[in-house]
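Worksheet: one structure, shown below.
Just so it is clear, the model here is predicted, and its values are computed rather than measured.
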Amino acid sequence: RRQRQMCIRHRDESYDDPNKIRLPDFRYKDINYVKACFQAAGWTLHVKKVDDNTWGDGTVMDQFPSEGTDVNAKDPGTIELSVSTGNPPQ
């Protein structure tokens with residue numbers, strides 16, 4: 001439970017629906033940290049590898065839905081994360 005609170009501590013209730021939260025920003029965080037957060041929260045993620053050498057291997061570059069999207073806290077659906085391979089774009 002503590003891991004979940006640390007990972008999702010920046011979450012806020014939705015402005016429109018008290019049963020939902022605004023999705024946290026996972027960009028520029030290490031994928032292993034984010035995976036641990038998802039596991040603690042019981043959320044599902046899909047990782048898409050992208051070639052990008054601006055950030056190191058394993059850095060989350062983008063997410064869908066985006067930060068601030070209203071989601072159900074217990075079941076936000078599958079969150080897609082684009083994660084850097086650390087390789088230059090082809």
Review point. Do you see a donor-acceptor pair shorter than 3.5 Å between the side chains of Asp16 and Ser14?
Key: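 There is no such pair between these side chains.
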**Study point:** Distance-only donor-acceptor check, side chains Thr85 and Asp51, under 3.5 Å
**Key:**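 Result is yes, a qualifying pair exists.
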For the atom pair [atom1] ([X]) and [atom2] ([Y]), what is the distance rounded to the nearest 0.5 Å?
{"X": "Asn53", "Y": "Ser84", "atom1": "CG", "atom2": "OG", "answer": "7.5 Å"}
{"X": "Asp52", "Y": "Asn87", "atom1": "CG", "atom2": "CG", "answer": "10.0 Å"}
{"X": "Cys37", "Y": "Lys29", "atom1": "SG", "atom2": "NZ", "answer": "9.0 Å"}
{"X": "Ile21", "Y": "Thr69", "atom1": "CD1", "atom2": "OG1", "answer": "10.5 Å"}
{"X": "Gln63", "Y": "Asp25", "atom1": "CD", "atom2": "CG", "answer": "5.5 Å"}
{"X": "Ile79", "Y": "Phe64", "atom1": "CD1", "atom2": "CZ", "answer": "9.0 Å"}

Check your understanding: Does the side-chain contact (heavy atoms from CB on, under 4.5 Å) test come out yes or no for Leu45 and Lys35, once each step is laid out?
Key -> CA-CA 8 Å; Leu45 74 147; Lys35 283 181 179 180; 4.2 Å; yes
Review point. So Lys74 and Trp43, side-chain contact (heavy atoms from CB on, under 4.5 Å) or not? Walk me through it.
Key: CA-CA 7 Å; Lys74 293 182 181 172; Trp43 292 0; over 6 Å; no
Exercise for review: Name the orientation class of the two ring planes belonging to Tyr28 and Trp55 (parallel below 30°, tilted from 30 to 60°, perpendicular beyond 60°).
Suggested key: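 Tilted.
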Practice item. Spell out, yes or no, whether Leu23 and Met61 are grouped together once hydrophobic residues are joined by side-chain heavy atoms under 4.5 Å, including indirect joins. Key: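 No, Leu23 and Met61 fall in different hydrophobic clusters.
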Review point. Under 4.5 Å between side-chain heavy atoms, hopping through other hydrophobics if needed: is there a path connecting Phe26 to Ile31?
Key: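 As far as the 4.5 Å side-chain criterion goes, Ile31 and Phe26 are connected within one cluster.
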Check your understanding: Where do Glu67 and Arg27 come nearest, in terms of heavy atoms and distance?
Key ->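 Minimum heavy-atom contact is OE1-NH2, 3.6 Å.
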